[in-house]
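The residues of the chain are indexed from 1 along the displayed sequence.
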Amino acid sequence: MAKQSKMGSWFEEKVFKPLEDKKMPVMEHLHEFQWRLTRAVIVMACVFVGTFFYADTLVSWLRIPLQNYFILDSWEWMPSDLPKIPFVFLSPAEALWQNVKVAGLCALVLSTPHWLWEVWQFVLPGLHAQERRFVGPFTAISTVAFYLGLTFCFFVVLPFALHFLISYGLASGFIAQISIANYVGFILWFMLVFGLIFEVPLALTLMAKLGWVDAPLLRKYRKWAFLGSFLFAAILTPTPDPFNQCIMAIPMYFFYEVGIISAQIFGKKKAPESEDGVASAPASGPPAVRRPPLAPQPVGAGSGGDEEYVDVPDSGPR
């Protein structure tokens, strides 16, 4: 028990309690920022060297949703009925540039936890204890939500979207020869958008926590959110077909509903209003007793003359 309490006190002191306000000059802040940024870039460059070495493998992985379905029951890929579609490149450097782009984006995604750690260490001294309790878990959950969005898009959304588009083209009598640049751009853009869609509940929860919105207001604008989901999907989808618009707009609105529930649970609580309509702050101690004002004392009440009320100041003990 003593060891556990000692560890708890150390964790409370190092993580939750605000640090002492050190008066650091501006140049020291800039030097610290420069050092942390340089270190993050070096780590990302090292990861990029490894990802570029396996760039061909990464591109071949991106081809998997084109002609396969992911079966959730057995957790494996099953080939679809599409014929094998060759990739072509239309400029001499197109294939090399796509490998660089895929390796760079993969390195950025893999090094994102280190980037967030460097940012956290840079802003940590300026945060209070309550802000640390909120910002730290929020950043971690938002990172996990973004990765879940990428995974959901790759395994669930992309196979259906690609199969629908390729089947429609083949049924129209066209020959499928896809440019590697167009295909990679389509895949990466779709995954990025779905990663951001999974951040919608966290964004609504943050705004509710700050008091900008609340659950009744979000419920009031449900129909506009539904319409806005389809408008945003029409803008964000790289193709104008309604199928891809629907598979992007429906999850967006679904997460809007999840954000309403989250705002209801974690939103900023409003102070209760009194009978006269004025919001009263919650009392931390026993309720104060309101005393009636002292009534003026009559002068000459027993003399039969006119009664005159005067306010006699208290002169203290005699």
Can you check side chain to side chain contact (heavy atoms under 4.5 Å, CB included) on His163 and Asp81, steps first, answer last?
CA-CA 9 Å; His163 188 274; Asp81 55 351; 2.8 Å; yes
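- Between Phe33 and Leu37 there is a side-chain heavy-atom pair separated by less than 4.5 Å.
- Heavy-atom neighbours of Phe87 CZ from other residues, nucleotides or ligands within 6.0 Å: above the threshold of 12.
- Side chain of Thr205 to main chain of Pro201: a donor-acceptor pair is present (N/O by atom type, distance under 3.5 Å, no hydrogens or angles).
- Looking at every heavy atom in both residues, Leu202 comes nearest to Phe138 through O-CE1, 3.4 Å.
- A ring-centre distance under 6.0 Å is not found for Phe160 and Phe164.
- Taking the six-membered ring for Trp, Phe190 and Phe186 have ring centres closer than 6.0 Å.
- One hydrophobic cluster holds both Phe152 and Met191 under the rule that ILVMFWY side chains link at heavy-atom gaps under 4.5 Å.
- Annotation: side chain of Phe146 is in contact with side chain of Leu192 (closest heavy-atom distance under 4.5 Å).
- Scanning for side chain to side chain contact (heavy atoms under 4.5 Å, CB included) contacts around Phe155 gives Phe70, Trp77, Thr151, with sequence neighbours left out.
- No chain of hydrophobic side-chain contacts below 4.5 Å, direct or via other Ile, Leu, Val, Met, Phe, Trp or Tyr residues, connects Val49 to Val102.
- When atom types are taken as modelled, the side chain of Gln67 and the backbone of Pro83 share a donor-acceptor pair closer than 3.5 angstrom.
- Of the options Phe232, Phe230, Phe226, a ring-ring contact (aromatic ring centres under 6.0 Å, His included) to Tyr253 is made by Phe226 and by none of the others.
- Here the side chains of Leu162 and Ile187 are in contact, with some heavy-atom distance below 4.5 Å.
- Although no hydrogens or angles enter the test, the distance criterion places a donor-acceptor pair under 3.5 Å between the side chain of Ser60 and the main chain of Thr57.
- Nearest heavy-atom pair, Pro251 versus Cys246, reported as atom, atom and distance to 0.1 Å: CD-O, 4.1 Å.
- When every heavy atom of Ile247 is checked against every heavy atom of Ala161, the shortest pair comes out as CD1-CB, 3.7 Å.
- Arg36 contributes atom CZ, which lies 12.5 Å from atom CH2 of Trp120 (distance to the nearest 0.5 angstrom).
- Within the structure, the salt bridge (charged side-chain N to carboxylate O under 4.0 Å, His left out) test picks out no pair touching residues 191-206 (sequence neighbours left out).
- Trp224 and Ile250 sit in two unconnected hydrophobic clusters of ILVMFWY residues. Membership requires side-chain heavy atoms under 4.5 Å apart, directly or through other members.
- Contact check for Ile178 versus Ile166: side-chain heavy atoms found under the 4.5 Å cut-off.
- Phe255 approaches Ile197 most closely through the heavy-atom pair CD1-CG2, 3.7 Å.
- For Ile71, the CD1 atom is densely surrounded, since the number of other residues' heavy atoms within 6.0 Å is greater than 12.
- Distance check, rounded to the nearest 0.5 Å: CG of Leu218 to CD of Gln264 gives 10.0 Å.
- Heavy-atom minimum distance, Glu94 versus Ser179: OE2-OG, 2.6 Å.
- Side-chain contact check for Val109 versus Leu105: every heavy-atom pair is 4.5 Å or farther apart.
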Just do the side chain to side chain contact (heavy atoms under 4.5 Å, CB included) check on Gln98 and Phe89 with the steps written out, would you?
CA-CA 10 Å; Gln98 296 312 308; Phe89 60 95; over 6 Å; no
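- Under the 4.5 Å side-chain heavy-atom criterion for Ile, Leu, Val, Met, Phe, Trp and Tyr, Ile85 and Leu165 are members of the same hydrophobic cluster.
- The 12-atom threshold is exceeded at OH of Tyr147, counting heavy atoms of other residues, nucleotides or ligands nearer than 6.0 Å.
- Ala107 and Met44 make their closest contact through CB-O, 4.1 Å (heavy atoms, listed as atom of the first residue, atom of the second, distance).
- Of the possible polar contacts, none joining the Gln177 side chain to the Val88 backbone as a donor-acceptor pair under 3.5 Å is found.
- Taking hydrophobic clusters as Ile, Leu, Val, Met, Phe, Trp and Tyr residues chained together by side-chain heavy-atom distances below 4.5 Å, Phe48 does not share a cluster with Val41.
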